[in-house]
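Read the structure below first, then the notes.
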Amino acid sequence: DSLHTAEGYEKPNVIITFTNAANNYVLQEKFRTTVKSLFKFSSIPINLFILGDEKSKTIVSEILRDVVPNPLEKMELLHLDVANLTKKVHNIVQEMQKHFSYKPGAYFSDALFFFSIASHVVLPDLNRVIMLDADLKFNADIKKLWSQFDKFSNKSIIGIARENQPVYRHTFHMYRNANTGTRVGDPPPNGLTGFNSGVLLLALDKMRESKIYNSVLISGEIEKLTQKYMFKGHLGDQDFFTLLSMEYEDLFYVLPCTWNRQLCQWWKNHGYESVFDLYFKCEGQINIYHGNCNTPIPKL
Ligand code: UDP
Ligand code: MN
């Protein structure tokens, strides 16, 4: 059983989405940086799952051959078929897509950006998974990230870092205007800031067991939450987790910002300059940089 170590412990499972990469050299370079840095610091073997199409298989193999000098010690490479899984995910997240997509229709292909929401259903054989964007740069051992699962409370089922910009201060502005003094959309450390899904710790076993989590996946439930919080988003799974956290804060373990240090500063010059730094500040040694909104990652 390749998913377990000789001692029977579950090896860290890591999923990276890498689709439509064939002619996208920018995406390929980002992915290269992500995996090169991951394996540079990693001290334990991992199961690396690529959520991709047929063409991404070849590209991934070539990049990994280049950047991982001793692959047999470092990883087991597994492929998750995007077409097959997207279909299953779409059946579960169809309603979410209406509220959290940037396009008007609930397109089948966009379901990919909602994969994590239904991961506990479509990956029944796994119990814990780290899901990563392909625009990251590691500066620390992934073993330390995996051990963040030990910090989950009994109630938490997902580990996720705060969004580092006032994105959700903006998205929730109607609710905030109607509810003076609310924590919804406020900055750290006390606010319900909302999340960024570039680095996700998914306790799939606890997600499967959670009555609350599975109750919001039932038809009509997410609609109620969007109405209560006057919410309309376009950022996929991170919108869903953010909205859920406003109602059920305890479901989430807030991952330290050092594990998903987002670099995008778009909102700084779009009406939020006075509060920007309250959200953007991240103190301490950075473990993972996230070059979101195509922001270059500084040379370390
Ligand atoms: N992605 C992909 N193919 C694409 C676009 C995105 O595989 O054509 C994946 C990739 O893992 C990427 C993630 O989706 O990191 C989220 O997109 P991105 O990181 O660009 O969003 P941002 O972090 O800037 O919001
Ligand atoms: Mn990203």
Side-chain angles (χ1 to χ4, degrees), residues 15 17 51 86 89-121 131-133 135 156-176 179 182-188 191-202 207 210 212-255 257 260 262 264 266-267 270 272 279 290 292-293:
I15 301 181
T17 307
L51 182 54
T86 307
V89 169
H90 182 64
N91 288 334
I92 301 167
V93 303
Q94 216 159 355
E95 280 185 48
M96 329 272 166
Q97 290 187 247
K98 289 180 204 151
H99 303 289
F100 314 130
S101 287
Y102 60 95
K103 290 180 197 159
Y107 289 107
F108 166 77
S109 61
D110 296 341
L112 181 63
F113 298 102
F114 296 79
F115 177 86
S116 60
I117 298 173
S119 55
H120 63 310
V121 179
M131 196 163 174
L132 301 173
D133 269 11
D135 56 345
S156 43
I157 63 173
I158 291 169
I160 184 169
R162 282 188 165 89
E163 169 60 49
N164 285 167
Q165 297 192 92
V167 172
Y168 292 108
R169 186 187 187 94
H170 181 77
T171 318
F172 285 107
H173 73 273
M174 284 209 278
Y175 183 85
R176 288 171 59 82
N179 296 271
T182 181
R183 291 168 63 217
V184 171
D186 267 359
L192 294 166
T193 308
F195 296 126
N196 179 281
S197 60
V199 176
L200 276 172
L201 270 59
L202 303 166
M207 288 165 74
S210 170
I212 293 176
Y213 188 76
N214 291 292
S215 73
V216 292
L217 299 182
I218 292 169
S219 174
E221 291 306 310
I222 202 63
E223 173 95 37
K224 288 182 200 163
L225 283 183
T226 57
Q227 281 170 9
K228 174 172 175 183
Y229 291 98
M230 307 178 214
F231 187 95
K232 176 75 188 87
H234 66 282
L235 297 173
D237 61 353
Q238 75 172 50
D239 282 341
F240 174 72
F241 295 139
T242 294
L243 181 58
L244 199 55
S245 75
M246 302 307 159
E247 192 74 8
Y248 306 107
E249 187 177 358
D250 292 346
L251 290 180
F252 299 90
Y253 165 66
V254 179
L255 197 62
C257 64
N260 177 5
Q262 302 128 238
C264 180
W266 191 87
W267 283 95
H270 293 82
Y272 289 90
Y279 293 82
H290 183 184
N292 56 330
C293 79

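Distance CD/Gln97 to CD1/Ile222: 13.0 Å, rounded to 0.5 Å. Note that CH2 of Trp267 and CG of Asn164 are 15.0 Å apart. Values are rounded to the nearest 0.5 Å. Rounding to the nearest 0.5 Å gives a distance of 7.0 Å between CG of Leu192 and OG1 of Thr182. Note: Ser156 OG to Met207 CE = 12.5 Å, rounded to the nearest 0.5 Å. Atom CZ of Phe114 and atom OG of Ser119 lie 14.0 Å apart (nearest 0.5 Å). The CZ atom of Phe115 lies 5.0 Å from the CG atom of Leu51; values are rounded to the nearest 0.5 Å.
Inspection of the Tyr229 and Glu247 side chains reveals an N or O donor paired with an N or O acceptor under 3.5 Å. In summary, the side chains of Asp237 and Ser197 do present a donor paired with an acceptor at a separation below 3.5 Å, with no hydrogens or angles considered.
Inter-residue side-chain proximity for Lys232 and Thr226 is flagged as unmet; no heavy-atom pair is nearer than 4.5 Å. Here the side chains of Lys224 and Val216 are not in contact, with every heavy-atom distance at 4.5 Å or above. Side-chain atoms of Cys264 and Gln165, non-hydrogen and from C-beta on, do get closer than 4.5 Å to each other. A 4.5 Å side-chain heavy-atom check between Leu235 and Phe113 finds every atom pair outside the cut-off. Residues Thr86 and Val89 fail the side-chain proximity criterion, which asks for heavy atoms closer than 4.5 Å. Residues Leu202 and Met131 meet the side-chain proximity criterion, which asks for heavy atoms closer than 4.5 Å. Between Arg183 and Glu249 the shortest side-chain heavy-atom distance falls below 4.5 Å.
Not one N or O on the side chain of Thr193 forms a donor-acceptor pair closer than 3.5 Å with the backbone of Gly185. A distance-only check finds no donor-acceptor pair linking the side chain of Arg169 to the backbone of Arg176 [under 3.5 Å]. With hydrogens and angles ignored, the 3.5 Å screen pairs no side-chain donor or acceptor of His170 with any backbone N or O of Val167. Within the 3.5 Å criterion, the main-chain N or O of Asn292 finds no donor-acceptor partner in the side chain of Gln262. A donor-acceptor pair under 3.5 Å is formed between the side chain of Asn196 and the backbone N or O of Gly198.
Taking the six-membered ring for Trp and the full ring otherwise, the centers of Phe231 and Phe100 sit less than 6.0 Å from each other.
Among the candidates Arg162, Glu163, Gln238, the single residue satisfying the side-chain hydrogen bond (donor to acceptor under 3.5 Å, both in side chains) test with Tyr168 is Gln238. Screening Leu251, Leu244, Asp250 for a side chain to side chain contact (heavy atoms under 4.5 Å, CB included) involving Ile212 leaves a single residue, Leu251.
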**OP:** Under the side chain to side chain contact (heavy atoms under 4.5 Å, CB included) rule, what do Asp186 and Phe172 come out as? Steps first, then yes or no, please.
**Re:** CA-CA 10 Å; Asp186 267 359; Phe172 285 107; over 6 Å; no

**OP:** Using the side chain to side chain contact (heavy atoms under 4.5 Å, CB included) rule, take Tyr213 and His120 through it: C-alpha gap first, then chi angles, then the decisive distance, then the call.
**Re:** CA-CA 11 Å; Tyr213 188 76; His120 63 310; 3.5 Å; yes

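The residues Lys98 and Glu95 are annotated as not salt-bridged, no charged nitrogen and carboxylate oxygen being separated by less than 4.0 angstrom.
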